[in-house]
Amino acid sequence: MPTGQQIITNALTTLGIVEQGGSPSASDSADALIELNDMWSSWSIDEGLIFAVQAITKALTGAVGSYTIGSGAAFNVASPSRIYAAFITTSSGRNEIKVVDREQYYSHNDLSAAAVCPDEVYPNFNIDPTTGYATIYLWPIQSGTPTLELTVGCTFTAWALATSFILPPGYQDAINYALAWRLIPRFGDIVSAGAKEIISGLGSKAEDRIREMNVMNRKLPTQASVNPQFQQAAAAQGKV
């Protein structure tokens, strides 16, 4: 369980900014932490780089068909980047319901239709600029009070210098090199040309290794292991 400082120190050592066994300055650590969190946040929207999924739940209120979602919202969790599946749990058991898009949701003639439990959930990820919340809509609107469970991409949690972060085996090394790669522009000429060349190659491969591990660990479709910028070319060659 590495801390943010351990990841950063390893990345800066790889770059030659910190001597082997040394410690980075407070300003270098702070700058690198910003880059680490920017990288982690951007990865959280790419299915191939999301290393885990988790379940989030909420007890629904009868006759309420929409819920805000986000930290401090009605559905008080960090707004997920992706919803993979949805389930409704009642005293009778747990059943999967459909996750639909905007077109499917608004195709219903009566959005106020009611039933004991909903059959569909429509996640609207357009963030309200005032509250910062997304919204989840249910159809039909439940008359009972079941529990809604959403299977989502692992919620992004900001790294902190002194806080440990749980990672699957093998991921720490890849994150170290990916961060070192992203830090090269911040340090410019301080990093030697030889180090830049080596780290650029290893940093690019680091993301590919994470994609490959996610395909094996999460049983993702093969195309998730291909970087989005190369997916069209790979598809044309019959690789995905």
Side-chain angles (χ1 to χ4, degrees), residues 1 36-61 64-90 93-106 117-129 131-139 141-142 145-160 163-169 171 174-175 178 207 210-228 231:
M1 296 190 295
L36 174 59
N37 277 315
D38 285 347
M39 180 181 79
W40 201 246
S41 181
S42 68
W43 283 7
S44 71
I45 62 173
D46 186 333
E47 182 177 24
L49 295 173
I50 298 172
F51 67 82
V53 295
Q54 64 187 87
I56 56 177
T57 62
K58 177 172 176 57
L60 301 179
T61 302
V64 176
S66 67
Y67 296 84
T68 54
I69 181 168
S71 297
F75 210 122
N76 187 18
V77 294
S79 186
S81 59
R82 187 187 295 261
I83 294 176
Y84 294 94
F87 302 87
I88 285 290
T89 300
T90 66
R94 176 175 177 268
N95 295 296
E96 185 169 5
I97 63 175
K98 293 181 180 178
V99 180
V100 302
D101 59 20
R102 182 182 186 280
E103 183 177 0
Q104 291 173 291
Y105 174 73
Y106 284 105
C117 289
D119 296 321
E120 299 176 355
V121 56
Y122 160 49
N124 181 351
F125 288 114
N126 289 320
I127 300 297
D128 185 297
T131 64
Y133 300 152
T135 306
I136 288 177
Y137 297 91
L138 298 161
W139 188 89
I141 299 172
Q142 70 283 347
T145 56
T147 296
L148 174 64
E149 176 187 324
L150 303 176
T151 302
V152 302
C154 188
T155 302
F156 168 69
T157 302
W159 288 84
T163 302
S164 297
F165 202 97
I166 298 174
L167 295 173
Y171 282 63
I175 292 171
E207 288 195 9
I210 289 175
R211 291 179 186 280
E212 290 168 0
M213 286 188 285
N214 285 345
V215 166
M216 292 185 291
N217 295 344
R218 291 183 49 216
K219 308 302 180 186
L220 296 177
T222 304
Q223 62 265 30
S225 67
V226 181
N227 191 303
Q231 283 187 9

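Residues take their numbers from the sequence shown, with the count starting at 1. Everything numeric here is computed off the predicted structure, so don't read it as measured data.
Not a single donor-acceptor pair under 3.5 Å links the side chain of Thr90 to the backbone N or O of Pro146. Counting only distance, with no hydrogens or angles, the side chain of Ser41 and the backbone of Asp38 share no donor-acceptor pair below 3.5 Å. In this structure, the side chain of Lys58 does not engage the main chain of Val77 through any donor-acceptor pair within 3.5 Å.
Residues Ile88 and Leu60 are in side-chain contact: their nearest non-hydrogen atoms beyond the backbone lie under 4.5 Å apart. Within the 4.5 Å cutoff, the side chain of Leu150 has heavy atoms near those of the Ile136 side chain. When side chains are defined from C-beta on, Phe51 does not count as touching Asn217, because their heavy atoms never get closer than 4.5 Å. Contact of the Asn214 side chain with the Tyr171 side chain is registered, since non-hydrogen atoms from C-beta on lie closer than 4.5 Å. Tyr67 is not listed as a side-chain neighbour of Leu148, based on a closest heavy-atom distance of 4.5 Å or more.
Considering all non-hydrogen atoms of both residues, Leu49 and Glu207 come closest at CD2-O, 3.8 Å. Closest non-hydrogen pair, Gln142 versus Cys117, comes out as CB-CA, 4.1 Å. The minimum heavy-atom distance between Thr68 and Ala73, with the atom names listed, is OG1-CB, 3.3 Å.
The side-chain contact (heavy atoms from CB on, under 4.5 Å) check on Gln104 picks up Val100, Asp101, with sequence neighbours excluded. For Phe75, the ring-ring contact (aromatic ring centres under 6.0 Å, His included) criterion is met by no residue, not counting sequence neighbours. Residues forming a side-chain contact (heavy atoms from CB on, under 4.5 Å) with Glu96 (at least two apart in sequence, or on another chain): Ala85, Phe87. For Thr145, the side-chain contact (heavy atoms from CB on, under 4.5 Å) test picks out no residue, with sequence neighbours left out. Under the side-chain contact (heavy atoms from CB on, under 4.5 Å) criterion, Ala158 pairs with Asn37, Phe156, not counting sequence neighbours. With sequence neighbours excluded, the residues satisfying ring-ring contact (aromatic ring centres under 6.0 Å, His included) with Tyr122 are Tyr105, Tyr137.
Taking a 6.0 Å sphere around CD1 of Ile127, one finds it holds more than 12 heavy atoms contributed by other residues, nucleotides or ligands.
Leu36 contributes atom CG, which lies 9.0 Å from atom CZ of Phe165 (distance to the nearest 0.5 angstrom). With rounding to the nearest 0.5 Å, the separation of CD1 in Ile97 from CD in Glu149 is 10.5 Å. Rounding to the nearest 0.5 Å gives a distance of 6.0 Å between CD1 of Ile50 and CZ of Arg218. Within the model, atoms CG of Asn76 and OG of Ser71 stand 6.5 Å from one another, a figure rounded to the nearest 0.5 Å. Taking CH2 of Trp139 as the reference point, atom NZ of Lys98 lies at 9.5 Å (rounded to 0.5 Å).
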Pair Trp43-Ile175, side chain to side chain contact (heavy atoms under 4.5 Å, CB included): steps then yes or no: CA-CA 11 Å; Trp43 283 7; Ile175 292 171; 4.0 Å; yes
Test log, rule side chain to side chain contact (heavy atoms under 4.5 Å, CB included), inputs Gln54 and Val152: CA-CA 6 Å; Gln54 64 187 87; Val152 302; 3.8 Å; yes
Stepwise side chain to side chain contact (heavy atoms under 4.5 Å, CB included) check, Ile83 with Val121: CA-CA 10 Å; Ile83 294 176; Val121 56; 5.7 Å; no
Test side chain to side chain contact (heavy atoms under 4.5 Å, CB included) applied to Ile56 and Ile69, step by step: CA-CA 11 Å; Ile56 56 177; Ile69 181 168; 4.3 Å; yes
